[in-house]
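Below is one structure, written out as structure tokens; comments come after it.
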Amino acid sequence: MKETPIKFEEELKRLDEIVSKISSKTLPLEESLKLYQEGQEIIVKLSKLLKEAEEKVEKVVDIK
Amino acid sequence: MDVERTIYSVNDINQYVKAVLSQDARLKYILVKGEVSNFKSGAAGHLYFSLKDDKSLIGAVMFSSNATRLSFEPKNGDEVIVLASLDVYAVRGTYQLLIYEMQQVGTGAILIELEKLKKKLQAEGLFDASRKRPINIYPNAIGVITAPNSAAIKDILTNIKRRYPIADIYVFYSSVQGEGAPKELLRAFEESQKYPLDTLIIGRGGGSSEDLSAFNDEKLVRAVADSKMVVISAVGHEIDMTLIDYVADKRASTPTGAAELATVDRREIEQHFEYCLEDMKSAIVEKLHDMSDNITEISEQLKDALSDKVNYLEQEIKWRKESLAALNPTSILQRGYSITLSADGQVVDDVKKVKPEQTITTVLKNGKIISTVKQSEEESK
């Protein structure tokens with residue numbers, strides 16, 4: 001049994017957090033640009049995960 | 001004030017009644033005893049009739065999927081016990097019993113047993129809403145217990161892969177009907193408990209004339225109630241409720257429905273990504289706008305401050321010039337005063353500086369007067 005430590009949901013949460021931080025009026029531009037980059041990276045990463053997962057095949061478990 | 005009154009359509013009313021009645025658990029999966037009357041057998045194999053007793057009468061329908069399981073041929077006058085749910089036929093505004101099982105009085109023991117079991121499990125709290133756990137729609141792994149080569153497995157796999165391909169899928173095949181089905185299902189279930197699954201789907205296709213009794217098996221139902229992971233049942237369809245459906249965390253009416261409950265749709269995620277990018281971009285553009293507005297404002301302020309300073313300095317210079325002018329002795333002469341000088345050109349600012357017979361010069365604005373001192377007197381203090 002292998003564990004696949006995909007933190008998809010956490011990554012999505014982080015993305016939402018980034019969006020709401022950037023949308024705050026008080027956050028300086030420089031910080032915003034840094035966060036924007038992080039957000040974009042998350043989107044690229046998760047989109048890639050979805051794309052690559054398309055080839056997955058189900059595992060049939062033998063029941064004794 | 002005029003009160004706007006809502007005007008409902010006939011359909012609104014019937015749909016509302018249907019919604020209200022279909023929420024009432026006391027009208028679901030109930031046993032009813034009565035006499036068959038107005039019996040009609042439809043072309044598609046559905047049975048339409050009424051059940052009556054000495055006081056009243058209720059319409060009843062048994063669809064062919066259930067009717068093919070009947071162990072006798074019903075006819076008017078038969079005393080029967082049915083397992084049924086109340087159903088509203090909104091098109092006609094009528095309600096009727098939707099019959100799953102029907103037995104002649106005297107042979108209804110199985111149904112009575114099932115009803116007893118349901119009551120017992122319910123009393124133990126196994127159906128309680130508080131036991132229901134939320135579904136993680138971003139699962140790492142999903143297990144599926146169902147029959148091999150079935151429409152159910154095909155629908156579940158297709159839909160999970162299409163919606164959320166990230167989830168690993170483990171399939172535990174088992175027969176879902178017939179003598180050995182309850183045991184096989186239990187074994188498959190126990191095996192599934194060893195895997196790190198987020199969600200377990202237990203399902204079979206509905207709508208055919210098959211037997212659902214395996215999903216009412218007490219051992220299986222109790223085991224499922226204690227499942228480590230969230231269970232979604234997809235047994236039968238809308239009208240076929242089994243005990244598994246009651247203990248599952250969530251019930252789907254079709255295998256496709258179960259796959260949909262178990263996963264988020266990637267199209268929603270991808271749409272969400274678009275929105276996130278849009279939001280981030282517009283927030284940054286807004287910040288830039290705010291900053292350029294700020295710069296304009298600050299430069300205006302700076303300009304104002306500078307011109308104030310210049311005005312002040314100009315004023316200062318004017319004042320200084322005027323005070324300087326006031327100190328120039330010539331300007332004193334201009335105002336009508338005079339200055340007296342001694343013979344050696346010293347300003348006479350003390351009477352003791354001159355003596356009688358000395359020559360002094362008085363300077364005025366337009367010339368000088370030369371005179372001889374006659375006498376000088378000091379003012380007495």
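In what follows, every chain begins at residue 1, and chains take the letters A, B, ... in the order their sequences are listed. Just so you know, these numbers use all the heavy atoms, side chains as well, and skip hydrogens, waters and symmetry mates.
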Name all residues meeting the side chain to side chain donor-acceptor pair (under 3.5 Å) criterion together with Glu218(B); count only those two or more places apart in sequence or in a different chain, and write none if there are none.
Lys120(B), Arg222(B)

With a 6.0 Å cut-off (strictly less than), is the heavy-atom count around NZ of Lys132(B), excluding the residue itself, greater than 12?
yes

Evaluate the side-chain proximity of Gln40(A) to Leu277(B): yes if any heavy-atom separation is below 4.5 Å, no if none is.
yes

For Asp128(B), does the CG atom have more than 12 heavy-atom neighbours from other residues, nucleotides or ligands under 6.0 Å away?
yes

Is the shortest heavy-atom distance from the side chain of Lys25(A) to the side chain of Asp290(B) under 4.5 Å?
yes

For Asp16(A) and Cys276(B), what are the C-alpha separation, side-chain angles and deciding distance, and is it a side-chain contact (heavy atoms from CB on, under 4.5 Å)?
CA-CA 8 Å; Asp16(A) 289 342; Cys276(B) 284; 4.1 Å; yes

Taking side chain as C-beta onward, heavy atoms only, is Tyr173(B) less than 4.5 Å from Val61(A)?
no

Thinking salt bridges, do Lys161(B) and Glu54(A) make one under a 4.0 Å N-O criterion?
no

Tell me, side chain or backbone of Glu190(B) under 4.5 Å from chain A's heavy atoms, or both, or neither?
neither

Pick from Glu270(B), Glu184(B), Lys281(B): which one has the most heavy-atom pairs with chain A under 4.5 Å?
Lys281(B)

Aromatic ring pairing Tyr138(B)/Phe8(A), orientation class (parallel under 30°, perpendicular over 60°, tilted between)
parallel

Give, as side chain, backbone, both or neither, the part of Ile137(B) having an atom under 4.5 angstrom from any heavy atom of chain A.
neither

Could you state the interatomic distance from CD (Glu9(A)) to CG (Asn140(B)), rounded to the nearest 0.5 Å?
9.5 Å

Tell me, do Leu50(A) and Pro165(B) make a side-chain contact under 4.5 Å, heavy atoms counted?
yes

Backbone of Glu30(A) reached by a side-chain donor or acceptor of Lys287(B) within 3.5 Å
no

Excluding sequence neighbours, so at least two apart, what forms ring pair (Phe, Tyr, Trp, His ring centres under 6.0 Å) with Tyr246(B)?
Tyr29(B), Phe127(B)

Identify which part of Ala141(B) has an atom lying under 4.5 Å from any heavy atom of chain A, answering side chain, backbone, both or neither.
neither

Separation between CG of Leu49(A) and CD1 of Ile166(B), rounded to the nearest 0.5 Å:
5.0 Å

Side chain to side chain, Ile169(B) and Lys59(A), heavy atoms closer than 4.5 Å
no

For Ser23(A) and Ala283(B), the nearest pair of non-hydrogen atoms, with its separation, is CA-CB, 4.0 Å

Does atom CD (Glu38(A)) have a neighbourhood of more than 12 heavy atoms from anything else shown, all under 6.0 Å?
yes

Most contacts with chain B, counted as non-hydrogen pairs under 4.5 angstrom, among Ile43(A), Ile18(A), Leu46(A):
Ile43(A)

Quick one: does Val44(A)'s side chain get under 4.5 Å of Phe273(B)'s, heavy atoms only?
no

How far apart are the C-alpha atoms of Leu29(A) and Met291(B), what are their side-chain angles, what is the distance that settles it, and do they pass the side-chain contact (heavy atoms from CB on, under 4.5 Å) test?
CA-CA 9 Å; Leu29(A) 181 69; Met291(B) 281 175 81; 3.8 Å; yes

CD (Glu17(A)) with more than 12 external heavy atoms under 6.0 Å
yes

Engaged part of Ser24(A) at the chain B interface, taking heavy atoms whose separation is under 4.5 Å:
backbone

Most contact-rich option vs chain B, by heavy-atom pairs under 4.5 angstrom, among Val57(A), Leu27(A), Leu35(A), is Leu27(A)

